[in-house]
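Residues: numbered from 1 along the sequence shown. Given the structure is predicted, the values throughout are model-derived calculations rather than measurements.
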Amino acid sequence: AGVTASVETFIFQIDREMKQADVVICRSGATTLAELAASGTPATYTWSTTSALPAGLSLSSSGVLSGTPAPGSAGNYSLAIAVSNGVGAADTKTLSLQVGQAPAITSANNAAFTANFADSFQVTATGFPAPTFSATGLPAGLSISSAGLISGTPTSVGTFNATLTANNAAGPGTLVVPFVISAVPAVASAGTMTVPLNTPTTVDLAAFITGTGITGVQIRSNPAHGQ
């Protein structure tokens, strides 16, 4: 918010554009080079900063911010930059520096659900800025939010390999996770039914059985007369 940006096919006055810029964006583990610019006569400038730079970066007296931000240095930095040319007091400006870190998924590398039962699985990841999440190959009935919450009610039994992706401005991170959807074990419960005597009858046992993936029912013993 509050940031004005534009995309140009070619910059004719690079010194003017550099003087207006107050944000530098780089990525942890990647070589960075940013040349600071100033105006004034004589045009022999000496640059310095009183702020702590991210590990791996340095600012030369000629105004070149360069280096490779070290792993673990991701974050936002506010740098107090001073420039002088020997005439009057040094001019100062606050430079915003963002060091990004590509995501790495840190949540479990497997997930278990039960068919026809609602459940959820939270995907987590490192990275800066905070990543958003997506997925392909999820079992039917499951979906993922941009915050990484996989939820829903799976409808099919089996193992499904889903590709989870965490993404931010520094790049994506992916992980293939098997989702194991299990059936609910069949359970028969006791019950009482009334049927007419000496009359062919069809009996629906569904009310006495729970579970998923049921393929058949076996009668272990016949009811006695009067029961």
Side-chain angles (χ1 to χ4, degrees), residues 1-7 21 23-34 52-57 65-79 95-187 210-215:
V3 176
T4 301
S6 64
V7 178
V23 176
V24 174
I25 298 176
C26 51
R27 181 164 58 90
S28 174
T31 301
T32 297
L33 178 65
L53 291 168
L57 289 184
L65 180 66
S66 61
T68 303
S73 63
N76 289 318
Y77 298 83
S78 183
L79 308 179
L95 178 72
S96 297
L97 173 67
Q98 184 182 92
V99 178
Q101 178 75 52
I105 296 177
T106 56
S107 46
N109 60 3
N110 60 82
F113 284 73
T114 302
N116 299 317
F117 281 82
D119 208 341
S120 62
F121 175 80
Q122 181 64 55
V123 184
T124 58
T126 59
F128 185 86
T132 57
F133 297 88
S134 60
T136 58
L138 288 173
L142 296 183
S143 61
I144 186 170
S145 72
S146 61
L149 182 64
I150 295 175
S151 60
T153 303
T155 57
S156 300
V157 174
T159 299
F160 305 84
N161 290 322
T163 300
L164 310 182
T165 301
N167 193 65
N168 64 13
T174 61
L175 181 68
V176 176
V177 173
F179 281 71
V180 179
I181 313 300
S182 301
V184 177
V187 177
T210 59
T212 58
I214 299 171
T215 58

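- The closest side-chain heavy-atom distance from L164 to T174 is not below 4.5 Å.
- Counting heavy atoms from C-beta outward, N76 and V99 have side chains that stay 4.5 Å or more apart.
- The backbone N or O of G75 lies less than 3.5 Å from no partner atom in the side chain of Q101, so there is not a single donor-acceptor pair.
- The CG atom of L65 lies 7.5 Å from the CG atom of L79; values are rounded to the nearest 0.5 Å.
- Contact detail for S73 and P54: the closest heavy-atom pair is CB-CB, 4.3 Å.
- Once rounded to the nearest 0.5 Å, the distance linking OG of S134 with CD1 of I144 reads 6.5 Å.
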* Begin with the C-alpha distance, continue with both residues' side-chain angles, and end with the deciding distance and a verdict on side chain to side chain contact (heavy atoms under 4.5 Å, CB included) for L138 and I150. => CA-CA 9 Å; L138 288 173; I150 295 175; 4.0 Å; yes

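- N167 places no side-chain N or O within 3.5 Å of a backbone atom of T132 that could act as its donor or acceptor partner.
- With contacts defined as side-chain heavy-atom distances shorter than 4.5 Å, the pair F179/T159 does not qualify.
- Taking T106 as the reference, T124 meet the side-chain hydrogen bond (donor to acceptor under 3.5 Å, both in side chains) condition, with sequence neighbours excluded.
- Residues V177 and A111 approach most closely at CG1-N, 4.0 Å, considering heavy atoms.
- The nearest pair of heavy atoms linking A166 to P103 is O-CG, 3.5 Å.
- Taking 4.5 Å as the limit, some side-chain heavy atom of L57 sits within range of a side-chain heavy atom of L97.
- A distance of 12.0 Å separates CZ in F117 from OG in S182, rounded to the nearest 0.5 Å.
- No side-chain heavy atom of Y77 sits less than 4.5 Å from a side-chain heavy atom of L53.
- Across P154 and G152, no two heavy atoms sit closer than the pair CD-O, 3.7 Å.
- Using a 4.5 Å cut-off on side-chain heavy atoms (C-beta onward), I105 and S107 make contact.
- To the nearest 0.5 angstrom, S151 atom OG is 9.5 Å from Q122 atom CD.
- In this structure, the side chains of F133 and L149 stay at 4.5 Å or more apart for every pair of heavy atoms.
- At least one donor-acceptor pair closer than 3.5 Å links the side chain of N168 to the backbone N or O of P129.
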